[in-house]
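Being a predicted model, the structure only gives us computed values, none of them experimental. Values below: every heavy atom of this structure, side chains too, minus hydrogens, waters and symmetry copies.
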Amino acid sequence: MNRLSGIILAIIGLIYFVPTAYCQTEFKLIKKNGHYFTDATINGNANTPVFVETGYPGMTLSVEMYDKILASLPLEEIRLDKVDWLYSDRNKHRIVKRLKGKVPVGDLTYEGFILVVDPYDDKVTIPVNLLKNKTDTTACLIRFDFKKNILDYIRREDVNLEKMRTYMLVNNNPMPVFASTMEVSDASGNNMAISGNFAFDLGNGSSVFFFRNKMLPVLKKNKFKIQAARDKAGNIVGQGIYAGYCKIGDKTNTGFSIGITNKNFNFGHDELGCVGPSFFKNGTIILDPKNKLMYYDK
């Protein structure tokens, strides 16, 4: 083989291999009862059902699922000195094992805590804001497209960010938390503006809900009517207000209820409440943990 032929083959080799290293990593999301699900290959186990979350304290799965898909990995087990529990919205689950390490998820890598709990369902809960594309280290943006229901991990040059607005991303581990000013008014003409931190909660079926200990005194001070919040069956499940108008940063939403929860959520940044995907309607959210920004379309 002459030198010219060798150079040509080398160029062809580069053309062939570069797209593999810089491919987008994408998951199709299925929305059900206000939550998102997908399938993924976890540690080589294809079509593993996944509950897509932000803010979970770690990858969470049942004893049976752990034995099936993760037991072969060299994970560090953290000793449990006492009975520990994982609390979800409605249930609590006993933590059987607490581990730490790296888990391959598709072409991505999850690195952090792994909680093996009992009882649990047949899905693996993954805090997707903590997944990273370590094959392509420039793919540092996490995009949630709620119109197409797609989650992907992309490079900055793969998306036009110029027309998108930004919140300051205060934290991304375990929960994405952003800072902004919220303006709210109701049908009676009561209104308020408050600045603070809000958690972006992918599993929140509501557009917004407030933390009682932070927001109830503020709402009462501004004379908002606190009403009983009911589920679809008409049962009282808590309290809330009706927001005729709500603006967070430059994003506006109208005509919806904001619940007030008694539960003590603490993600470490004195949050006023949570904001769910439905506040952004069929828009796009892009997390940029490296530059501490959260992009959104107006």
Side-chain angles (χ1 to χ4, degrees), residues 52-57 112 127-132 140-146 151 153-154 156 159-186 190-222 224 240-241 243 245-254 256-261 263-281 283-298:
V52 180
E53 262 289 4
T54 55
Y56 247 61
V128 293
N129 52 304
L130 301 184
L131 290 175
K132 293 182 179 179
C140 59
L141 303 182
I142 306 167
R143 176 170 61 185
F144 300 88
D145 185 331
F146 296 118
L151 163 66
Y153 297 75
I154 58 176
R156 184 172 295 276
V159 63
N160 183 7
L161 299 172
E162 292 182 3
K163 294 184 178 180
M164 299 190 77
R165 307 301 175 93
T166 59
Y167 301 121
M168 182 178 70
L169 190 62
V170 177
N171 189 43
N172 189 53
N173 187 359
M175 174 74 84
V177 175
F178 66 93
S180 188
T181 297
M182 172 187 282
E183 300 173 29
V184 184
S185 62
D186 64 12
N190 301 306
N191 58 78
M192 70 173 188
I194 186 168
S195 297
N197 296 329
F198 301 89
F200 172 59
D201 183 5
L202 192 66
N204 182 8
S206 305
S207 294
V208 179
F209 72 76
F210 290 143
F211 298 154
R212 181 183 180 89
N213 60 334
K214 299 290 183 184
M215 292 300 296
L216 190 59
V218 179
L219 293 169
K220 288 183 175 180
K221 179 181 178 181
N222 288 278
F224 279 85
I241 65 168
Y245 172 87
C246 181
K247 183 179 181 183
I248 307 176
D250 289 319
K251 187 69 176 180
T252 300
N253 210 329
T254 57
F256 66 96
S257 296
I258 298 178
I260 304 169
T261 178
K263 293 184 178 180
N264 292 319
F265 293 88
N266 183 7
F267 304 111
H269 295 275
D270 209 26
E271 296 83 6
L272 301 178
C274 286
V275 180
S278 59
F279 182 80
F280 301 96
K281 299 177 181 177
T284 299
I285 292 293
I286 298 177
L287 301 178
D288 182 358
K290 182 178 179 181
N291 295 298
K292 298 183 179 180
L293 292 172
M294 176 173 164
Y295 291 88
Y296 63 99
D297 39 21
K298 187 176 178 182

Q.
Test side-chain contact (heavy atoms from CB on, under 4.5 Å) on Ile260 and Phe209; report intermediate values, then the result.
A. CA-CA 6 Å; Ile260 304 169; Phe209 72 76; over 6 Å; no
| said: Before you tell me yes or no, could you show the steps for Asn173 and Leu130 under side-chain contact (heavy atoms from CB on, under 4.5 Å), namely the whole-Å CA-CA distance, both residues' side-chain angles and the distance that decides it to 0.1 Å? | reply: CA-CA 7 Å; Asn173 187 359; Leu130 301 184; 3.7 Å; yes
Here the pair of heavy atoms bringing Phe224 nearest to Met192 is CE1-CG, 3.9 Å
Any side-chain heavy-atom pair from Asn191 and Tyr245 closer than 4.5 angstrom?
-> no
Applied to residues 284-298, the salt bridge (charged side-chain N to carboxylate O under 4.0 Å, His left out) test, sequence neighbours excluded, yields Arg156-Asp288
Across all chains, not counting sequence neighbours, the side chain to side chain contact (heavy atoms under 4.5 Å, CB included) partners of Ser257 are Tyr242
Heavy-atom nearest pair, Leu272 first then Gly196, reads CD1-CA, 3.9 Å
Scanning both residues in full, the closest heavy-atom pair of Ile258 with Ala243 reads CD1-CB, 3.8 Å
Could you check whether any side-chain heavy atom of Val159 comes within less than 4.5 Å of a side-chain heavy atom of Tyr295, counting everything from C-beta outward?
no
When every non-hydrogen atom of Asn213 is compared with those of Pro217, the smallest separation belongs to O-CD, 4.1 Å
Output for pair (Ile286 CD1, Tyr296 OH), nearest 0.5 Å, gives 13.0 Å
Shortest non-hydrogen pair, Cys274 vs Phe211, comes out as SG-CZ, 3.8 Å
dist Tyr167:OH -> Asn197:CG (nearest 0.5 Å) comes out at 13.0 Å
* Could you check if a side-chain atom of Phe210 sits within less than 4.5 angstrom of a side-chain atom of Leu216, using non-hydrogen atoms only? => no
Atom pairs and distances, donor-acceptor, side-chain atoms in residues 178-186, under 3.5 Å, two or more places apart:
{"unit_1": "Ser180", "atom_1": "OG", "unit_2": "Gly249", "atom_2": "N", "d": "3.0"}
{"unit_1": "Thr181", "atom_1": "OG1", "unit_2": "Ser195", "atom_2": "OG", "d": "2.6"}
{"unit_1": "Asp186", "atom_1": "OD1", "unit_2": "Ser188", "atom_2": "N", "d": "3.1"}
{"unit_1": "Asp186", "atom_1": "OD1", "unit_2": "Gly189", "atom_2": "N", "d": "3.2"}
{"unit_1": "Asp186", "atom_1": "OD1", "unit_2": "Asn190", "atom_2": "N", "d": "2.9"}
{"unit_1": "Asp186", "atom_1": "OD2", "unit_2": "Asn190", "atom_2": "ND2", "d": "3.2"}

Hits for side chain to side chain contact (heavy atoms under 4.5 Å, CB included) against Pro176, two or more places apart or cross-chain, chain-then-number order -> Thr54, Asn129, Leu169, Asn172, Phe200, Leu287
Sorted by chain and residue number, the side chain to side chain contact (heavy atoms under 4.5 Å, CB included) partners of Ser207 (sequence neighbours excluded) come out as Asn253, Phe256, Ser278, Phe279
Across all chains, not counting sequence neighbours, the salt bridge (charged side-chain N to carboxylate O under 4.0 Å, His left out) partners of Asp145 are none
Below 4.5 Å, heavy atoms only, C-beta onward: do Leu202 and Val52 meet side chain to side chain?
yes
